[in-house]
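A short write-up of the structure that comes next.
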Protein chains: 2
Amino acid sequence: MSLKFAILGVLELKPHTGYDLKKTIEASVAHFWSADQSQIYRTLALLVADGLAEVEVINQDGRPDRRLHRITPTGLAALHEWLTSPLPPETPHDAFLVRVFYVGELGIPAAAALLQSRRAEADAVLSRLTALVGQESGDPVDLAHRLRRATLRYGIRHAEAELAWLTETVEALS
Amino acid sequence: MSLKFAILGVLELKPHTGYDLKKTIEASVAHFWSADQSQIYRTLALLVADGLAEVEVINQDGRPDRRLHRITPTGLAALHEWLTSPLPPETPHDAFLVRVFYVGELGIPAAAALLQSRRAEADAVLSRLTALVGQESGDPVDLAHRLRRATLRYGIRHAEAELAWLTETVEALS
DNA sequence: GTCTTATATATGCATGGTCTAATATAGGCA
DNA sequence: TGCCTATATTAGACCATGCATATATAAGAC
């Protein structure tokens, strides 16, 4: 659903090929959005079909032509409209909590193992995000830049909450 | 993917029809898993086809027969195996953060509106979960029960983290 | 007396996503 | 020489989910 807009957002900053997009997404928004390569190409085709992006074909020899996509005025309008539209209701799907909910039947060791491996995950996420924030230099002045950094802080806050919850839950096990 | 196991978990406690399942899911795990009715029926059919559940048909007149599903030993084994299997890597898809990431282009008012409506959501979630925890009586002794309650606390912790992040992010806007 | 809600399941269609693989070439490494 | 990686796109199969609709009846509300 919003891969469409994640892509439009990238295109707003700079024209991209599908191949570039995959890399840009991995390098910038991977901490809250992941996209399969084939899904990116399909979504690009859809954007073009809907007039939200347009393609410039750049010939190459030896490899497929580059299809450089740029956002159209219609695309820009669609992106801005989406950004200001109401948040749709969430339909939660958290497989980890499904495990927590039922693992009690298996006894304390199984529960402890589950929580411990989740802790390893959360630790990894936290240090990855902390490193990312750290490598950004100085004070961001520009609003857009500040908000982009805020998405990293979002992940950090939630990882910390996760760790706190894990600690109290593990303690309550025995 | 794990709807299969969410359902097996319910069936482990008690046999259910598809209709019952929908209600049980809404009443117990809705805060971290939601499932469409048709999806439940389809998944039940799949469980039966795989030998993880079996059906007892109970005749009724005036309305469709009840198809009571109970977990099989194979199903129980599959559930327990899943509960102790390694956590698969997460592929994040957070549409809200996509908005935060790009809304900066539209200026402070648009950003503030986005964050404010998210705050309303988080407030609602927090009070709903707090009410749920409150209505549970006394100290849970049994491990399974404690872990089920922990899933509520998980939601609460994360909602609180969300609110804290919203506050600091809104403050940093201007 | 009609309208809504509850009971109970089935099916079709669309959407969004993952995984796999095909195609074709250049450059670097062992 | 042979293998792996990077570049670049396309396509097919499959899976999970959601939305809508069909069917059929009884009980309760207004």
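None of these values were measured; they are calculated from a predicted model. Computed over heavy atoms, backbone and side chain alike; hydrogens, waters and symmetry mates excluded.
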Would a 4.5 Å heavy-atom cut-off, applied to side chains only, mark [X] and [Y] as touching?
X	Y	value
B:Leu132	B:Leu129	yes
A:Arg99	B:Ser85	yes
A:Trp33	B:Leu97	no
A:Leu76	A:His80	yes

> Would one find a side-chain N or O of A:Lys23 under 4.0 angstrom from OP1 or OP2 of D:dT7?
Replying inline: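 Looking at the OP1 and OP2 atoms of D:dT7, one of them is under 4.0 Å from a side-chain N or O of A:Lys23.
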
> For A:Arg67 and D:dT9, is the shortest distance between a side-chain N/O and OP1 or OP2 below 4.0 Å?
Replying inline: no

[N] [atom2] sits how many Å from [X] [atom1], rounded?
X	N	atom1	atom2	result
A:Glu56	D:dT9	CD	P	12 Å
A:Arg66	D:dA6	CZ	P	17 Å
A:Asp65	D:dT10	CG	P	9 Å
B:Tyr41	D:dA16	OH	C1'	19 Å
B:Gln39	D:dA16	CD	C1'	5 Å
A:Asp20	D:dA8	CG	C1'	9 Å
A:Leu68	D:dT7	CG	C1'	15 Å
A:His16	D:dT7	NE2	P	13 Å

>> Run A:Leu47 and A:Leu8 through side-chain contact (heavy atoms from CB on, under 4.5 Å) and show every step you take.
In response: CA-CA 8 Å; A:Leu47 290 176; A:Leu8 281 177; 4.1 Å; yes

> Mapping A:Gly18 and A:His93 onto DNA chain D by nearest heavy atom, which one lands closer to the 5' end?
Replying inline: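 First, find each residue's nearest nucleotide; the 5'-ward one identifies A:Gly18.
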
> Which comes earlier along DNA chain D counting from the 5' end, the contact point of A:His69 or that of A:Arg42, where each point is its nearest nucleotide?
Replying inline: A:His69

In plain terms, say whether [X] and [Y] are close enough for a salt bridge, that is, a side-chain N and a carboxylate O under 4.0 Å apart.
X	Y	value
A:Arg148	B:Glu105	yes
B:Asp20	B:Lys14	no
B:Arg67	B:Glu56	no

> Could you give the angle between the helix axes at the two ends of the helix from C:dG1-D:dC30 to C:dA30-D:dT1, with five pairs per end, rounded to 10 degrees?
Replying inline: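 Computed angle between terminal axes is 30°.
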
>> Strictly under 4.0 angstrom, non-hydrogen atoms only: write out the protein contact profile of nucleotides 20-28 of chain D, one letter per nucleotide from the 5' end, B, S or -.
In response: B----BS--

>> Under 6.0 Å from the ring centre and within 45 degrees of the ring axis: does the NZ or CZ of A:Arg118 meet both conditions for the six-membered ring of A:Phe96?
In response: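 Output yes; distance and angle both within limits.
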
> Reading DNA chain C 5' to 3', which nucleotide is the first, and which the last, to come under 4.0 Å of any heavy atom in chain A?
Replying inline: C:dG16 to C:dA26

>> Taking the six-membered ring for Trp, are B:Tyr102 and A:Phe5 closer than 6.0 Å centroid to centroid?
In response: no

>> Is it the case that atom CD in A:Glu168 sees more than 12 heavy atoms from other parts of the structure closer than 6.0 Å?
In response: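 Counting neighbours around CD of A:Glu168, more than 12 heavy atoms of other residues, nucleotides or ligands fall under 6.0 Å, so yes.
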
>> Using a 3.5 Å distance criterion without hydrogens, assess whether the side chain of B:Arg146 forms a donor-acceptor pair with backbone atoms of B:Val141.
In response: yes

